[in-house]
Amino acid sequence: MILREYDPKQIEKKWQRIWEEKGAFHASDRTDKPKFYALIEFPYPSGAGLHVGHPRPYTALDIVARKRRMQGYNVLYPIGWDAFGLPTENFAIKNKIHPRVVTERNVAHFKEQMQSIGFSFDWSREVNTTDPAYYKWTQWIFLQMFKKDLAYKRMMAVNWCTQCKVGLANEEVVNGVCERCGGKVERRMRSQWMLAITKYADRLIDDLDDVDYIERVKVQQKNWIGRSEGAEVDFTVNGRKMTIYTTRPDTMFGVTYMVMSPEHPYLDEWKDQIRNWDDVADYRKKSSEKSDFERTELAKDKTGVKLEGIMAVNPVNGAEIPVFISDYVLMSYGTGAIMAVPGHDTRDWEFARKFHLPIIEVVAGGDIEKEAFVDIETGTLVNSGFLNGLSVEEAKKAITEWLTEKGLGHKKINFKLRDWVFSRQRYWGEPIPIVHCEKCGMVPLPESELPLLLPDVDSYEPGPNGESPLAAMTDWVNTTCPQCGGPALRETDTMPQWAGSSWYFLRYMDPHNDQALASKEALDYWSPVDWYNGGMEHTTLHLLYSRFWHKFLYDIGVVPTKEPYAKRTSHGMILGQNPHYVGNFETQAEKDAMIEKYGADALRPAVKMSKSLGNVVNPDEVIDTYGADTLRMYEMFIGDFEKAAPWSDKSVNGVRRFLDRVWKLQEMMTADEGISADMETPLHQTIKKVSQDDESLKFNTAIAAMMSLVNKFYAKGSITRGEMSVLIRLLNPDAPHITEEMWENCGFGGYVYEQSWPEWDEEKTVEAMITIAVQINGKSKGTLQVAKDADKDAVMEVFRADQRLMTQIEGKQVVKEIYVPGRIVNVVVR
RNA sequence: GCAGUUGUGGCGGAAUUGGUAUACGCGUUAGACUAAGGAUCUAAUGUCCACUAGCGACUUGCGGGUUCGAGUCCCGCCAACUGCACCA
């Protein structure tokens with residue numbers, strides 16, 4: 001056989017076309033096969049196109065999906081577009097094009113790029129969140145939530161991005177600036193749609209026990225939801241009941257003052273009794289002007305004002321204590337007021353020091369002169385009346401019971417999680433299907449009127465007061481009330497980008513259904529997603545939101561499972577070269593200048609890829625030079641899948657060289673259909689290694705094993721047809737194009753994707769003779785060849801027959817002989 | 001500050017979970033082929049010493065410990081990354 005050169009350009013397009021024509025990767029709805037649902041986070045089709053980071057997770061699950069098909073599963077590996085969102089809208093404003101047109105263009109580009117990489121997506125199930133047939137059901141879910149009082153409207157301080165001109169969810173504010181654009185975030189009062197995710201806080205934590213998520217995802221979600229167990233206690237302030245929340249009711253005898261949030265509503269009512277009202281008003285004004293960012297910056301230095309003329313009474317001992325306002329107490333958590341225990345809370349301690357307030361020790365074990373003693377494991381209660389001598393744990397229980405009995409308080413669980421700000425005053429999102437009627441109030445649109453289409457507008461710019469561009473569409477806004485038929489106004493806010501992505505995995509199960517978001521049969525068959533891989537940056541946003549929606553849909557009987565995703569894994573980022581890296585510079589002066597200019601970033605050789613740094617690698621170029629199979633395999637070989645890894649143009653070539661070598665194996669193939677005796681063990685070892693590593697995200701070592709195997713064929717100079725068949729099938733999920741081409745060349749018949757996954761025989765993974773290491777006094781001194789099932793005596797016999805080793809222990813007394821079967825011999829001598 | 005993760009060659013990274021540390025790849029060096037090679041093939045490649053030869057010494061951020069044996073377990077430091085950031 002005369003072998004053509006390996007030319008990815010030719011064969012990759014060819015096989016992509018064949019797969020498409022054959023519908024090779026279409027999931028079947030009716031089959032006896034077990035199902036497997038693999039999911040990746042569908043992309044936001046940005047104008048910049050795909051970068052080299054996108055294919056990493058897609059390839060990983062493509063490998064799993066392709067392998068599962070060969071193992072006999074009915075696999076669903078779908079793809080779609082999360083296409084609503086601000087960048088598209090901003091681009092549309094700038095260039096005076098309809099966002100729909102921009103979206104179509106971007107989707108087309110993304111699709112072409114993705115298809116050129118050869119993912120085994122089921123393109124017949126492609127979904128797009130901006131498609132009315134899709135967002136009809138996003139709106140439908142919203143209506144169900146509205147009907148269950150989980151969607152409500154409220155005036156509230158929102159995080160307002162001054163650049164995007166849009167309200168943001170707490171989750172979207174990072175370090176006091178907008179997560180998307182980095183713009184300054186202010187607090188503004190605005191009537192906003194909210195979703196009551198906090199009602200699900202408990203279940204969102206508890207049900208994590210039932211799913212197989214990587215640990216750091218679970219931890220991050222738990223911390224974000226932030227459950228804390230404590231008590232609510234009623235203090236008396238100026239003769240009035242004021243409730244506080246504490247996680248340390250055991251320290252109540254150590255309360256020396258109280259602190260209220262500057263925004264606390266009681267303050268206005270006490271205006272006449274507060275003798276230093278001017279100071280108080282001044283402090284309130286200053287703290288309201290501080291952005292969250294500034295408040296955080298100043299966190300170390302406590303500020304506050306004492307309320308002159310206001311006294312509080314500690315309910316446990318009747319002690320009179322002063323009351324302060326300070327912005328270290330937040331109105332949005334607990335009750336907006338706290339009891340301060342400076343002996344056992346770091347913030348209270350700092351505040352007390354600054355304002356010269358008494359600090360009382362009520363838990364012995366630390367030194368409260370130096371710092372607050374916050375340990376809850378070791379301390380013993382003192383100076384605390386009936387609690388004296390108890391541990392913190394016991395005291396908490398005792399005091400809570402006592403408070404409950406006296407009617408002064410009760411056990412209480414609080415969460416950091418806040419309700420989800422769900423409205424955006426922007427155009428490119430799902431319209432909220434609610435009508436405001438003077439008589440009837442907020443009325444949901446009848447389901448028969450869904451989808452409520454996004455109308456065409458003249459301008460996509462937000463209004464001067466930040467109202468939605470839809471508000472200017474009077475024809476659209478003016479409508480009739482579905483309930484009373486009277487005049488009414490449509491809601492003009494739209495949903496955030498997170499809406500469409502909160503349930504898209506359900507739509508894939510039955511993407512063309514116009515009677516329901518998906519049929520019951522499809523939901524029952526495909527639920528839950530078996531393996532979901534995505535970025536860590538979505539842990540507290542998309543992942544949490546979609547779990548919430550799914551639980552709601554479960555509650556109203558739409559979906560059959562409590563949790564949407566059985567398994568969640570996460571990939572590391574692919575980093576680019578850092579042009580500012582100080583390692584690149586010769587002189588110390590140059591280095592220092594770069595460190596000065598770019599800070600810690602200058603010390604990192606690799607950083608996040610970004611347009612502004614000009615270090616973005618485009619997959620198209622990689623495919624053009626090396627081919628899609630090389631791109632795929634390099635991204636899998638680059639390092640630990642879960643960790644960030646720097647892109648290296650040079651290393652890519654190593655993978656291409658490997659594929660060239662695989663291709664050239666065809667030249668040395670013999671007609672033998674069997675497995676040669678000397679290759680049996682390496683072959684079975686490789687099958688085992690690849691099969692197991694691909695399941696545990698260790699794609700890099702699976703590839704290393706295949707490289708070693710190929711090197712063995714080269715060392716030998718031949719490969720049988722039988723061995724070739726196994727190798728091609730093993731390599732197919734990683735490099736699907738070259739393997740299909742070779743399969744065809746070799747005349748095996750059919751296609752690789754329809755073949756079965758090779759299986760290994762455990763017996764055959766072990767050589768008859770094995771090499772075991774020999775240590776003398778724990779130091780490696782050589783190796784021994786023994787039969788694989790040799791016992792200790794047999795091994796020691798081989799040891800004693802070895803002259804070189806024996807000279808090592810000559811004249812010494814053997815104290816101990818240790819043999820770990822198949823691994824090591826250690827002889828201890830004296 | 002708190003939580004989580006991680007420190008292994010010049011580089012990306014392996015190490016069956018306590019058993020020959022540095023697999024696989026990049027890079028580098030030498031040789032082969034060649035008119036030529038930035039292609040390909042072969043070999044070498046942790047550091048130091050010896051180099052006629054090795055059964056030589058040292059080595060997984062630093063310092064201790066447990067063990068016949070530690071990259072892996074324990075204690076104490078140091079550094080980096082990610083997330084949270086006054087959540088009572």
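Each chain gets a letter, A, B and so on, in the order its sequence line appears, and its residues count up from 1.
- A salt bridge links A:Arg248 with A:Asp250: the closest approach of a Lys/Arg side-chain nitrogen to an acidic carboxylate oxygen falls below 4.0 angstrom.
- Nucleotide B:rC86 holds its C1' atom 16 Å from the CD1 atom of A:Ile244, rounded to whole Å.
- Across B:rG83, B:rA88, B:rG25, the shortest atom-to-atom separation from the side chain of A:Gln220 is found for B:rG83.
- Dense packing is recorded around CD of A:Glu642, with more than 12 heavy atoms of other residues, nucleotides or ligands lying under 6.0 Å away.
- In this structure, NZ of A:Lys411 is placed 16 Å from P of B:rA88, rounded to the nearest angstrom.
- Distances shown here put a side-chain N or O of A:Asn700 below 4.0 Å from the OP1 or OP2 atom of B:rA14.
- Salt bridge A:Asp660/A:Lys664: absent, no basic N to carboxylate O contact under 4.0 Å.
- Candidate nucleotides B:rA88, B:rA23, B:rU6 were compared by shortest atom distance to the side chain of A:Ala704, and B:rA23 ranks first.
- Side chain A:Lys302 to base B:rC86: a donor-acceptor pair is found below 3.5 Å.
- Here the side chain of A:Thr701 is nearest to one of B:rA3, B:rA14, B:rC24, namely B:rA14.
- The nucleotide whose nearest atom lies closest to any side-chain atom of A:Ser228 is, among B:rA14, B:rU20, B:rA88, B:rA88.
- Ranking B:rA88, B:rC86, B:rC68 by closeness to the A:Ile818 side chain, first place goes to B:rC68.
- Considering only the side chain of A:Val828, B:rC68 comes nearest among B:rC55, B:rU42, B:rC68.
- Residue whose closest nucleotide on RNA chain B sits further toward the 5' end, between A:Lys664 and A:Asn777: A:Lys664.
- In this structure, the CD atom of A:Glu215 is 16 Å from the C1' atom of B:rU82, given to the nearest Å.
- If you measure from atom CD1 of A:Ile338 to atom P of B:rA88, you get 11 Å, rounded to the nearest angstrom.
- One interatomic measurement links the two molecules: CD1 of A:Ile325 to P of B:rA88, which rounds to 22 Å at whole-angstrom precision.
- For A:Lys779 and B:rG19, the NZ to P distance is 19 Å, given to the nearest whole Å.
- Judged purely by atom type and a 3.5 angstrom limit, A:Arg56 uses its side chain to pair as donor or acceptor with the backbone of A:Gly572.
- Side-chain nitrogen and oxygen atoms of A:Ser326 include none within less than 4.0 Å of the OP1 or OP2 phosphate oxygen of B:rC86.
- Rounded to whole Å, atom P of B:rC26 lies 8 Å from atom CZ of A:Phe637.
- Rounded to an integer number of Å, the gap from CD1 of A:Ile703 to P of B:rA23 is 18 Å.
- Looking at A:Asn700, its side chain never comes within 3.5 Å of a backbone N or O of A:Ile638 through a donor-acceptor pair.
- At a cut-off of 3.5 angstrom, counting only N and O atoms as typed in the model, there is no donor on one side facing an acceptor on the other between the side-chain of A:Arg657 and the base of B:rU40.
- OP1 or OP2 of B:rC68 lies within a sub-4.0 Å distance of a side-chain N or O belonging to A:Lys816.
- The side chain of A:Asn826 contributes no N or O atom lying less than 4.0 Å from OP1 or OP2 of B:rU20.
- Nearest heavy atom pair, residue A:Lys218 against residue A:Leu208, reads NZ-O, 3.0 Å.
- Look at B:rG61: its glycosidic torsion is beyond 90° from 0, and that puts it in the anti range.
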